[in-house]
Number of protein chains: 2
Amino acid sequence: MNMELSGRGKPSPEKSHRVMARDNADPLSVGIGLNAAIVAVLDNEPVVLIVRKDPDSAGATDVLPFGPFNPREHRTLEGGLRAWVQDQTGLDLGYAEQLYTFADRGRHSEPADTSPHVVSIGYLALTEASRDHGLTHGIWRSWYQFFPWEDWRRSRPEIISAEIEPRLKLWAERAVTNGSQSGSIARADRVRICFGLDGAAWDEEKVLERYELLYEAGLIEEAVRDGRSAAQSWTDRPKLGLPMQSDHRRILATAIGRTRAKIKYRPVVFELMPPEFTLYELQKTVEAILGPHLHKQNFRRLVEGAGLVEATGEVKTRTGGRPAKLFRFRKEVLLERPAPGVRVSAPPSRN
Amino acid sequence: MNMELSGRGKPSPEKSHRVMARDNADPLSVGIGLNAAIVAVLDNEPVVLIVRKDPDSAGATDVLPFGPFNPREHRTLEGGLRAWVQDQTGLDLGYAEQLYTFADRGRHSEPADTSPHVVSIGYLALTEASRDHGLTHGIWRSWYQFFPWEDWRRSRPEIISAEIEPRLKLWAERAVTNGSQSGSIARADRVRICFGLDGAAWDEEKVLERYELLYEAGLIEEAVRDGRSAAQSWTDRPKLGLPMQSDHRRILATAIGRTRAKIKYRPVVFELMPPEFTLYELQKTVEAILGPHLHKQNFRRLVEGAGLVEATGEVKTRTGGRPAKLFRFRKEVLLERPAPGVRVSAPPSRN
DNA sequence: CTACATATGCTCCAATAGAGCATATGTAGG
DNA sequence: CCTACATATGCTCTATTGGAGCATATGTAG
């Protein structure tokens with residue numbers, strides 16, 4: 001890459017900061033962290049693989065598998081990620097895709113006025129939890145423990161009305177006097193859209209937007225840690241999900257949002273399934289990810305109609321009722337038109 | 001970010017390479033390049049903003065606006081990008097979104113065995129070309145000059161059958177003897193799916209996949225430059241679009257694919273339009289991006305029905321026919337349900 | 001053998017979207 | 001002024017999709 005333009009960067013002469021346990025003299029070089037949100041579904045519960053920093057201490061923060069990108073060793077970013085995951089969990093990653101690259105200042109437990117010098121690249125990996133792919137370290141934890149307001153499987157989570165809604169509305173009001181920032185959407189509207197308040201529809205894909213909103217409002221523990229919540233009056237700040245180290249919860253939010261979106265238009269559910277499964281098990285897995293219950297007959301029709309699966313010829317008998325046919329993923333769909341996902345149209349939203 | 005794991009990186013002691021016109025002693029630090037694919041539509045032609053490296057020299061390679069991320073100056077990645085764009089083109093960027101982070105070795109005109117030490121983050125920006133947002137440098141160039149095989153506005157580009165298809169089939173055959181690489185899709189299938197051969201449907205969103213396939217097959221000038229095409233027998237290699245510096249063409253491919261995908265489910269077309277426009281102008285803009293012609297009446301019905309636009313009350317008379325009503329974007333849709341794009345269902349592909 | 005639970009097939013219907021016809025209202029040229 | 005023409009715009013007809021529910025099949029448990 002030609003960098004003849006570097007000179008315009010006007011690098012400041014101030015001393016560099018110690019990052020990644022090393023000294024860094026070049027103002028244009030940064031460390032890159034590779035972070036993996038490894039998702040599976042275990043007993044109808046969507047889970048993510050956690051590597052506890054210190055499993056014994058009580059106040060230990062949850063951590064995703066991660067490590068620095070080392071251009072000497074890693075030929076590609078994804079290769080580096082796989083190496084770190086292998087190293088830290090023993091897991092041999094299957095499906096993986098890049099999510100996003102974050103570099104905001106002060107999102108890493110450092111003083112906010114410090115240059116980050118570190119950039120986080122988040123990855124989403126999907127795997128089958130029940131099968132042993134070499135996993136030796138790490139624990140599976142429900143992703144709803146980190147995002148309780150995302151769990152709509154039973155019904156609307158009470159935490160929204162009880163804790164989130166009133167505090168966000170307060171936060172939105174405090175900004176009204178600042179005059180309407182033309183161009184950007186007003187706080188109150190963002191709150192309404194993100195959390196589906198006042199008649200707005202809940203969009204299960206907006207996981208990151210919701211997290212960022214809560215962070216911005218200082219309602220997230222990480223925001224306090226990062227010095228974003230200027231010691232507000234709400235010392236009664238509620239516990240909104242388990243915190244994570246660094247910006248890992250933000251990465252996980254991105255991963256959940258992407259999983260929910262992608263499952264609808266690409267056949268990625270099957271990364272979460274065993275080689276053979278019943279259609280009901282498949283449906284339960286989708287529902288674990290997306291939340292709302294689906295119409296069973298229509299789900300079957302859609303999945304079969306799209307040619308996503310083929311019967312193995314065998315049945316699973318211990319279902320408590322009529323035996324269910326076993327299916328397997330029809331890999332040939334990948335060779336056909338824009339291979340679809342399990343399309344689930346939104347509920348008949350009257351709008 | 002906690003980097004207690006850095007020690008496992010087993011940094012090799014070999015001398016570091018000179019990258020980005022500077023020395024870099026730390027094996028874990030890399031330079032980050034911010035690259036902008038700035039897209040507009042000018043006279044029904046989708047264009048991208050190019051900053052010629054050397055406008056006068058004949059063999060000059062096209063370059064996207066780009067510059068290194070400087071954590072001292074740039075609070076965020078996107079902020080850094082905007083600063084570089086402003087600096088190099090005078091343009092004040094409006095809509096921008098991150099695309100992808102690339103770090104493959106040897107994609108930067110360097111020897112392939114050299115560590116990259118530089119990571120490229122690509123961004124997509126949409127703007128209105130006809131309006132002056134401060135643009136002082138750079139030229140608009142049709143994106144189809146870089147990707148002639150993507151131009152389906154008239155009909156199927158001849159370059160596919162004439163140049164691409166035979167060479168890719170040859171390339172696919174050469175790999176058959178290697179035994180079928182289990183797990184990955186066979187070359188022949190990839191070729192078929194990517195380019196819609198042998199009855200497969202053309203997916204206008206697979207821009208990056210197609211480019212990568214051509215690169216892999218050594219049919220792209222950048223692949224030769226990067227030393228990927230081992231001086232094959234085809235010294236008769238055809239000119240498949242204009243080359244670009246570094247990995248900029250790959251970034252542009254990502255940008256085109258994303259634009260085509262996003263225009264269908266988010267109201268981003270309007271970033272490309274003037275404040276007021278006729279529905280026909282809007283349709284022409286969408287067609288410039290997506291290619292196939294749309295049914296005029298249905299397009300109107302969909303756009304109006306989705307509440308994306310509102311009439312200004314005025315008409316544009318110099319249309320050569322009945323005057324067209326002028327419309328403007330109804331920004332309120334952003335406050336409604338998952339604000340839709342201009343849904344255009346695929347042609348009645350019999351499948 | 002019966003009650004029950006789940007699987008599975010099929011029908012009905014509302015909403016969506018593709019396609020085309022008909023009409024409105026300008027410009028251009030005699 | 002009048003006519004040919006071009007584009008805009010409204011409306012209808014119809015095929016397809018997807019939401020919802022009924023009916024039947026085939027197991028297990030007591």
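Residue numbers start from 1 in every chain, and the chains themselves are labelled A, B, ... in the order their sequence lines are given, proteins ahead of strands. The figures here come from the full heavy-atom set of this structure, side chains too, leaving out hydrogens, waters and symmetry mates.
- Residue side chain His295(A) does not reach the base of dG18(D) through any donor-acceptor N/O pair under 3.5 Å, judged by distance alone.
- The salt bridge (Lys or Arg N to Asp or Glu O under 4.0 Å) search around Glu128(A) returns Arg131(A), not counting sequence neighbours.
- Put simply, Arg300(B) has a side-chain N or O that comes within less than 4.0 Å of OP1 or OP2 on dG10(D).
- When the nearest nucleotides of DNA chain D are assigned to Glu304(B) and Asn298(A) by heavy-atom distance, the more 5′-ward of the two goes with Glu304(B).
- Among residues two or more places apart in sequence or in another chain, the side-chain hydrogen bond (donor to acceptor under 3.5 Å, both in side chains) test is passed with Arg330(A) by Glu336(A).
- Residues satisfying the salt bridge (Lys or Arg N to Asp or Glu O under 4.0 Å) test with Arg301(A), not counting sequence neighbours, are none.
- With sequence neighbours left out, Asn44(A) forms a side-chain contact (heavy atoms from CB on, under 4.5 Å) with Lys284(A).
- Residues satisfying the ring pair (Phe, Tyr, Trp, His ring centres under 6.0 Å) criterion with Phe327(A), sequence neighbours excluded, are absent altogether.
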Might you list the N or O atoms of the protein lying below 3.5 Å from N or O atoms in nucleotides 22-25 of chain C, with each pair's distance?
from    : atom 1 : to        : atom 2 : distance (Å)
dA24(C) : O4'    : Arg322(B) : NH1    : 3.3
dA24(C) : N3     : Arg322(B) : NH1    : 3.1

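- Residue Arg301(B) contributes atom CZ, which lies 15 Å from atom P of dT14(D) at whole-angstrom precision.
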message = Counting Watson-Crick and G-U wobble pairs with both distances under 3.5 Å, what is the dot-bracket string for DNA chain D, 5' to 3', using [ ] for crossing pairs and | for pairs to another strand?
response = ||||||||||||||||||||||||||||||
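- Contact annotation: Lys296(A) reaches the phosphate of dA7(C) (side-chain N/O to OP1 or OP2, under 4.0 Å).
- In this structure, the side-chain hydrogen bond (donor to acceptor under 3.5 Å, both in side chains) partners of Glu45(B), at least two apart in sequence or on a different chain, are Ser142(B), Arg153(B).
- Nucleotide dA7(C) holds its C1' atom 11 Å from the OH atom of Tyr280(A), rounded to whole Å.
- Every residue meeting the salt bridge (Lys or Arg N to Asp or Glu O under 4.0 Å) condition with Arg258(B), not counting sequence neighbours, appears here in chain and number order: Glu97(B).
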